[in-house]
S.K.: 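Quick one: this structure, given as structure tokens, is what I'll be asking you about.
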Amino acid sequence: MTFASSDEQRQLADMLDAHLARGDAHWARAVEESGVGSLGIAEDAGGLGTDLRDGAVVAAAFGRANAGLDWAEHWARNRYGATNEAARDALAILHSAEMVGLCTTLLADTAAFLKERRQFGVAIASFQALRHRMADMAMALALADAAVGAAIDTPDDARAVAAARVLAEEAARIVGEGAVQLHGAMGLTAELRVGGYFRRLRVLMQGDGTARGMLRRMAV
């Protein structure tokens with residue numbers, strides 16, 4: 001769930017994952033070492049191009065690491081300058097891509113926790129109710145991933161953008177709340193990164209006019 005469709009984009013995702021895995025999520029250093037700061041700027045203007053998928057690859061990587069960086073805003077400023085409808089839709093898509101990245105890590109962390117935690121002599125991952133909960137979380141994330149991918153390819157389709165934003169927020173709710181709850185009392189402690197990821201999801205869910213705002217826009 002990186003949104004990469006080319007070898008170059010896959011290499012970019014891998015490079016960012018490796019960089020951010022070191023625990024260094026400082027914006028200036030991340031931009032300098034990866035070169036992503038020039039994304040959103042046309043090549044004939046000295047940048048690396050305005051491909052929205054490139055921007056989404058970066059947004060998802062920053063989400064997987066919970067870097068908390070204002071990447072979407074940076075890309076939109078590079079690409080559009082002043083805020084307009086196209087810029088707002090691009091922000092919605094990139095924020096949705098970041099939510100998918102955040103949920104990807106939350107789902108993986110929760111799966112690992114359930115395999116490690118034992119009750120009655122067995123891993124709680126074997127409990128049917130918890131397996132069903134994890135399946136619901138995985139399904140919500142898969143739907144969001146597909147919708148965001150479609151919106152990246154058709155950013156001028158307002159309905160595709162709205163669907164991406166709505167399904168990304170739904171995944172954020174289902175995966176975020178599920179991850180916190182399945183970790184039990186530890187879910188919101190400083191010991192685990194789950195709480196920080198969930199807080200970032202909550203911040204993103206309040207932006208872009210929210211999913212409810214997107215639905216109202218489609219109803220007009």
Side-chain angles (χ1 to χ4, degrees), residues 1-6 8-105 144-145 147-149 151-156 158 160-162 164-165 168-169 172 196-197 199-210 213-214:
M1 296 180 177
T2 66
F3 302 111
S5 63
S6 68
E8 291 79 6
Q9 289 167 344
R10 283 185 280 273
Q11 291 169 4
L12 174 60
D14 289 344
M15 178 180 64
L16 286 169
D17 283 343
H19 175 88
L20 295 168
R22 299 199 299 266
D24 181 4
H26 189 275
W27 166 248
R29 186 173 297 178
V31 170
E32 181 180 356
E33 294 190 8
S34 66
V36 298
S38 295
L39 288 174
I41 300 174
E43 293 181 15
D44 57 10
L48 295 178
T50 59
D51 187 345
L52 181 59
R53 185 167 291 276
D54 288 339
V57 168
V58 177
F62 285 161
R64 289 191 296 277
N66 191 22
L69 306 176
D70 59 343
W71 165 252
E73 292 78 4
H74 174 82
W75 191 94
R77 283 194 300 269
N78 278 352
R79 175 66 178 86
Y80 298 103
T83 299
N84 54 35
E85 186 170 331
R88 287 191 292 270
D89 284 349
L91 280 171
I93 292 171
L94 293 177
H95 284 152
S96 296
E98 183 180 349
M99 282 191 269
V100 167
L102 287 156
C103 288
T104 299
T105 298
D145 180 64
V148 176
I152 291 168
D153 288 332
T154 56
D156 296 329
V161 175
R165 183 65 180 77
E169 183 169 321
Y197 276 68
R199 285 190 290 274
R200 177 62 178 170
L201 282 172
R202 296 293 298 174
V203 169
L204 292 173
M205 288 167 70
Q206 301 306 313
D208 309 320
T210 73
M214 283 286 184

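Side-chain atoms are counted along with the backbone in the values below, which use heavy atoms only and exclude waters and symmetry mates.
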S.K.: Drop me the distance from D156's CG to E85's CD, to the nearest 0.5 angstrom.
M.R.: 9.5 Å
S.K.: Which atom names give the shortest non-hydrogen contact between P155 and V161, and what distance separates them?
M.R.: O-CG2, 3.6 Å
S.K.: Search all heavy atoms of G149 against all heavy atoms of F3 and return the closest pair with its distance.
M.R.: N-CE2, 3.9 Å
S.K.: Side chain to side chain donor-acceptor pair (under 3.5 Å) with Q11: which residues, sequence neighbours excluded?
M.R.: none
S.K.: Over all heavy atoms of both residues, which pair between Y80 and A86 is shortest? Give the atoms and the distance, please.
M.R.: CE2-CB, 3.6 Å
S.K.: Give, for atom CG of L20 and atom CG of N66, the distance between the pair rounded to the nearest 0.5 Å.
M.R.: 10.5 Å
S.K.: Between the side chain of D70 and the main-chain N/O of E73, is any donor-acceptor distance below 3.5 Å?
M.R.: no
S.K.: Tell me every residue that passes salt bridge (Lys or Arg N to Asp or Glu O under 4.0 Å) with R202, counting only those two or more places apart in sequence or in another chain.
M.R.: none
S.K.: Going by the side chain to side chain donor-acceptor pair (under 3.5 Å) test, which pairs reach into residues 40-50, not counting sequence neighbours?
M.R.: none
S.K.: Please report the shortest heavy-atom distance between C103 and A172, naming the atom on each side.
M.R.: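 The pair with the smallest heavy-atom distance is SG-CA, 3.7 Å.
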S.K.: Is a donor on one side and an acceptor on the other found under 3.5 Å between the side chain of R165 and the backbone of M205?
M.R.: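 Yes, R165 side chain to M205 backbone: donor-acceptor pair under 3.5 Å.
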S.K.: What heavy-atom pair brings A90 and W75 nearest, and what distance separates the two atoms?
M.R.: CB-CZ3, 3.9 Å
S.K.: Taking side-chain contact (heavy atoms from CB on, under 4.5 Å) as the definition, give me every residue that meets it alongside D14, ordered by chain and number, with sequence neighbours left out.
M.R.: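 Result, side-chain contact (heavy atoms from CB on, under 4.5 Å) vs D14: none returned.
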S.K.: Give a yes or no on whether the backbone of V203 and the side-chain of Q206 come within a donor-acceptor separation of less than 3.5 Å.
M.R.: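 The answer is no, because no donor-acceptor pair under 3.5 Å joins these two groups.
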S.K.: Tell me, do R200 and E98 make a side-chain contact under 4.5 Å, heavy atoms counted?
M.R.: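 When only atoms from C-beta onward are counted, E98 and R200 do touch, with a gap below 4.5 Å.
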S.K.: Once you round to the nearest 0.5 Å, how far does CG of L102 lie from CG of L204?
M.R.: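 Going from the CG atom of L102 to the CG atom of L204 covers 6.5 Å.
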S.K.: State which residues pass side-chain contact (heavy atoms from CB on, under 4.5 Å) with T83; sequence neighbours excluded, sorted by chain then number.
M.R.: R88
S.K.: Only counting residues at least two apart or in another chain, list the ones meeting side-chain contact (heavy atoms from CB on, under 4.5 Å) with A76.
M.R.: L91
S.K.: I need the L39 CG to L48 CG distance, nearest 0.5 Å.
M.R.: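 The CG atom of L39 sits 5.0 Å away from the CG atom of L48.
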S.K.: Do the non-hydrogen side-chain atoms of F62 and L94 ever get within less than 4.5 Å of each other?
M.R.: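 With C-beta onward as the side chain, the pair stays apart.
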S.K.: Going by side chain to side chain donor-acceptor pair (under 3.5 Å), name the residues that satisfy it together with R77, two or more places apart in sequence or in a different chain.
M.R.: none
S.K.: For a quick test of reading the model, state the closest non-hydrogen atom pair linking A151 to I93 and the distance between them.
M.R.: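 Answer, listing the atom of A151 first, then I93: O-CD1, 3.6 Å.
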S.K.: With a 3.5 Å cut-off and no angle check, do the side chains of E169 and H95 form a donor-acceptor pair?
M.R.: no
S.K.: Write out all pairs satisfying salt bridge (charged side-chain N to carboxylate O under 4.0 Å, His left out) with one or both partners inside residues 45-66, taking only residues at least two apart or from two chains.
M.R.: D17-R64, R53-D153
S.K.: Does the side chain to side chain contact (heavy atoms under 4.5 Å, CB included) test come out yes or no for V36 and L12, once each step is laid out?
M.R.: CA-CA 9 Å; V36 298; L12 174 60; 3.8 Å; yes
S.K.: Could I get the full list of side chain to side chain donor-acceptor pair (under 3.5 Å) partners for R79, not counting sequence neighbours?
M.R.: none
